[in-house]
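Computed from a predicted model, the values in this text were never measured in an experiment.
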Amino acid sequence: MTTETSFSYDELQEGQQCEIKRQLRGSDIDAFADASGDHNPLHTDADFARAAGFEDRIAHGMLLASWISASLAHSLPGRGTVYLRQSLEFRQPALPGDQLIIRLTVSEKKRRGRVIIDCVICHEDGRDLLRGSAEVIAPS
């Protein structure tokens, strides 16, 4: 993510959306495994993951969720966003080399600067990998 934007609560509109494209690299998975301490072989060992029925090792679901956090902080609403809660549904695995799209959509403006944002990470072919909803306090 190279571009930073920031929208205040007053500037946000229901239906407002942003998309961030990002490629999942094996090094992203490795770095997340080291940072989190989650060295489950589904994430770190391609042969193990294949034996378990996957095409390759798979990304940690929480790695993808962290990309939602980064997108909220850098794109919508942007700088100064306070992250309050997140629901997540992991639908399909992400593999090294996958081109992913992080899509955030303002679904509801609540009182006191609170905003509900629908969050989706999908593969470039359109398959949803992760769906959820975040509640944030938008910058003032």
Taking [X] for the side chain and [Y] for the main chain, is one N or O donor matched with an acceptor at less than 3.5 Å?
X: Ser107; Y: Ile116; value: yes
X: Thr81; Y: Gly78; value: yes
X: Arg50; Y: Glu55; value: yes
X: Lys109; Y: Tyr9; value: yes
X: Asp34; Y: Ala31; value: no
X: Asp98; Y: Leu100; value: no
X: Gln23; Y: Gln99; value: no

First locate atom [atom1] of [X], then atom [atom2] of [Y], and finally report the distance between them rounded to the nearest 0.5 Å.
X: Asp10; Y: Ser140; atom1: CG; atom2: OG; result: 9.0 Å
X: Ile121; Y: Leu63; atom1: CD1; atom2: CG; result: 8.5 Å
X: Cys119; Y: Ile68; atom1: SG; atom2: CD1; result: 4.5 Å
X: Arg79; Y: Thr5; atom1: CZ; atom2: OG1; result: 12.0 Å
X: His43; Y: Phe48; atom1: NE2; atom2: CZ; result: 10.5 Å
X: Asp128; Y: Arg103; atom1: CG; atom2: CZ; result: 7.5 Å

Measure the shortest side-chain to side-chain distance between [X] and [Y] over non-hydrogen atoms and say whether it is less than 4.5 angstrom.
X: Asp56; Y: Pro96; value: yes
X: Pro93; Y: Phe54; value: yes
X: Cys18; Y: Ser71; value: no
X: Ile117; Y: Thr105; value: no
X: Val106; Y: Phe7; value: no

Would you call [X]-[Y] a salt bridge at under 4.0 Å N-O?
X: Arg114; Y: Glu135; answer: yes
X: Glu89; Y: Arg91; answer: yes
X: Arg57; Y: Asp30; answer: yes

Item to check | Phe90 and its side chain to side chain contact (heavy atoms under 4.5 Å, CB included) partner, picked from Met62, His60, Arg131 | outcome: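 The passing option is Met62.
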Next on the checklist: With clusters defined by side-chain heavy atoms of hydrophobic residues (ILVMFWY) lying less than 4.5 Å apart, directly or transitively, does Leu88 cluster with Ile20?
Outcome noted: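 Same hydrophobic cluster.
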Checklist entry - Can you list the steps and then say if Val82 with Leu84 is a side chain to side chain contact (heavy atoms under 4.5 Å, CB included)? => result CA-CA 6 Å; Val82 178; Leu84 298 175; 4.1 Å; yes
List the atom of [X], the atom of [Y], and the distance in Å for their closest heavy-atom pair.
X: Leu130; Y: Ala65; answer: CD1-N, 4.1 Å
X: Ala138; Y: Leu12; answer: CB-CD1, 3.7 Å
X: Ile137; Y: Arg112; answer: CG2-O, 4.4 Å

Next on the checklist: Apply side chain to side chain contact (heavy atoms under 4.5 Å, CB included) to residues Leu104 and Asp118 and explain how you reach the verdict.
Outcome noted: CA-CA 6 Å; Leu104 304 177; Asp118 291 336; over 6 Å; no
Next on the checklist: Test side chain to side chain contact (heavy atoms under 4.5 Å, CB included) on Gln16 and Leu76; report intermediate values, then the result.
Outcome noted: CA-CA 9 Å; Gln16 185 174 347; Leu76 186 70; 3.6 Å; yes
Next on the checklist: Using the rule given for side chain to side chain contact (heavy atoms under 4.5 Å, CB included), can you reason through Phe32 versus Leu64, listing the C-alpha separation, both sets of side-chain angles and the distance that settles it, and then say yes or no?
Outcome noted: CA-CA 10 Å; Phe32 192 84; Leu64 300 184; over 6 Å; no
